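Labels below follow one simple rule: chain letters A, B, ... track the order of the sequence lines, proteins then strands, and each chain is numbered from 1. On a predicted model such as this, the values are computed, not experimentally measured, just so you know.
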Number of protein chains: 2
Amino acid sequence: MSTEEPPLSRAERRRSTEKRILNVARQLFGELGYDRATIRGIAKAAQVDPALVMQYFDSKENLFRQVVRLDAAQSAPETADPLIAQLMAGLGVKLAGMPAPSLAMLRSMLTHPDTAAEMRETFDRQIKQVSAVLEGDDAELRAALLIMAHLGVVVGKHLLELEPLRDTRPERIIELLDPCFKTLTDPAS
Amino acid sequence: MSTEEPPLSRAERRRSTEKRILNVARQLFGELGYDRATIRGIAKAAQVDPALVMQYFDSKENLFRQVVRLDAAQSAPETADPLIAQLMAGLGVKLAGMPAPSLAMLRSMLTHPDTAAEMRETFDRQIKQVSAVLEGDDAELRAALLIMAHLGVVVGKHLLELEPLRDTRPERIIELLDPCFKTLTDPAS
DNA sequence: GCTTTCACTCAACGAGCGTAGAGTGAAGCG
DNA sequence: CGCTTCACTCTACGCTCGTTGAGTGAAAGC
């Protein structure tokens with residue numbers, strides 16, 4: 001169908017190959033996690049020699065970093081004004097279409113030490129941010145519970161793919177979660 | 001200190017060795033997950049030849065199954081009467097001292113396909129059980145959210161080891177989570 | 001058109017893995 | 001005491017992995 005080939009220049013071809021590898025890597029890291037996604041598997045799926053992957057990305061660790069870096073870039077608007085509302089909005093985004101690179105991080109966060117460390121930092125930061133605007137006792141704890149509950153739902157939907165979560169509109173999920181989380185954000189325990 | 005050695009019989013020695021291997025395996029599978037915990041590593045930590053592990057447990061997959069089987073045996077009282085209360089009590093137990101084998105399952109659930117499948121079954125079953133006693137719309141969805149929020153908190157405490165969760169008494173956590181989850185169990189959305 | 005560049009492949013390495021079979025030496029038993 | 005049993009070790013296999021360095025052939029530059 002698109003067998004028409006506007007003859008690509010060398011540089012164009014190179015960029016397109018690199019991007020293809022990156023896309024495949026993103027998908028496989030997301031599906032399989034760091035350990036089970038292999039350079040050889042990525043290369044085969046990208047229809048390329050494994051050695052080429054190394055030339056472009058130096059090492060598997062570095063390829064993984066490139067893959068998950070795309071995430072960090074797009075995930076932090078950080079205006080932090082109506083922070084809680086924004087947290088919920090963030091959840092909405094994550095539920096609708098999880099940014100693909102995040103999947104790779106999520107998938108590997110329990111088994112890949114570097115990812116675990118990075119994730120813990122991220123969550124610690126979020127906890128501090130959120131708890132700063134929470135009133136009442138145990139603000140940090142409540143923030144942590146809030147964020148981990150988020151995490152659980154996202155994991156259930158995108159990684160475990162539980163049917164009730166898979167098949168429900170994100171808006172409905174947020175609708176249900178909203179009053180639930182209000183009990184953690186409002187100082188009335 | 002305990003360098004006293006009541007001379008063990010051959011059968012006793014064998015059982016003790018097997019148990020030692022199993023304990024080490026449980027710990028390493030829990031800390032590292034299925035893939036990164038190796039037979040060789042387990043054998044070394046148990047001060048035993050790798051081949052012996054194979055003789056006793058046939059294969060790595062089977063050793064892992066033995067390890068996580070201990071979990072299933074102890075985790076299901078299943079009287080299911082005041083089911084929700086029991087769910088919270090279960091969370092209390094998980095927060096206090098996670099049954100060690102469960103850690104191995106939790107740790108591997110995102111990257112080890114068999115574990116993922118088993119976990120999904122477990123959660124599906126729990127969702128059905130809980131949703132059966134929930135009134136109102138979207139019972140299954142609400143049950144799923146409940147259970148996944150649980151999961152997130154447990155993961156945050158035992159696997160990510162977030163400080164606020166690590167350092168807080170389980171009772172306090174349940175105290176905070178209880179009203180939060182009530183909004184999901186009571187039909188008032 | 002000749003040379004240089006460079007995207008890409010080929011072949012191979014060393015390491016670590018799960019696993020198998022033959023061996024060993026002390027405990028158990030007649 | 002001698003034979004058997006068996007908990008345990010040794011050695012090695014085949015595989016897959018990440019990674020490397022030498023090649024190749026077509027595009028780019030002069």
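In this structure, A:Glu12 contributes its side chain and A:Ser9 its backbone to a donor-acceptor pair below 3.5 Å. In this structure, the side chain of A:Thr185 engages the main chain of A:Lys182 through a donor-acceptor pair within 3.5 Å. Although no hydrogens or angles enter the test, the distance criterion places a donor-acceptor pair under 3.5 Å between the side chain of B:Ser108 and the main chain of B:Tyr34.
Contact of the B:Leu162 side chain with the B:Lys157 side chain is not registered, since no non-hydrogen atoms from C-beta on lie closer than 4.5 Å. Contact check for B:Met109 versus A:Leu160: side-chain heavy atoms found under the 4.5 Å cut-off.
A straight line from CZ of B:Arg14 to C1' of D:dT5 spans 13 Å, rounded to a whole angstrom.
Backbone-only contact: B:Tyr56 has heavy atoms under 4.0 Å from sugar-phosphate atoms and none from a base.
No more than 12 heavy-atom neighbours from other residues, nucleotides or ligands sit within 6.0 angstrom of CZ on A:Arg13.
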Chi angles and distances behind the side chain to side chain donor-acceptor pair (under 3.5 Å) call for A:Gln126, A:His150: CA-CA 12 Å; A:Gln126 277 186 14; A:His150 271 192; over 6 Å; no
Per-nucleotide protein contact string for nucleotides 10-22 of chain D (B base, S sugar-phosphate only, - none; heavy atom under 4.0 Å): B-B----BBBBB-
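The nucleotide range of DNA chain C contacted by chain B, defined by atoms under 4.0 angstrom from heavy atoms of the protein and reported 5' to 3', is C:dC17 to C:dG28.
Residues passing the side chain to side chain donor-acceptor pair (under 3.5 Å) test with B:Asp35, sequence neighbours excluded: A:Arg36.
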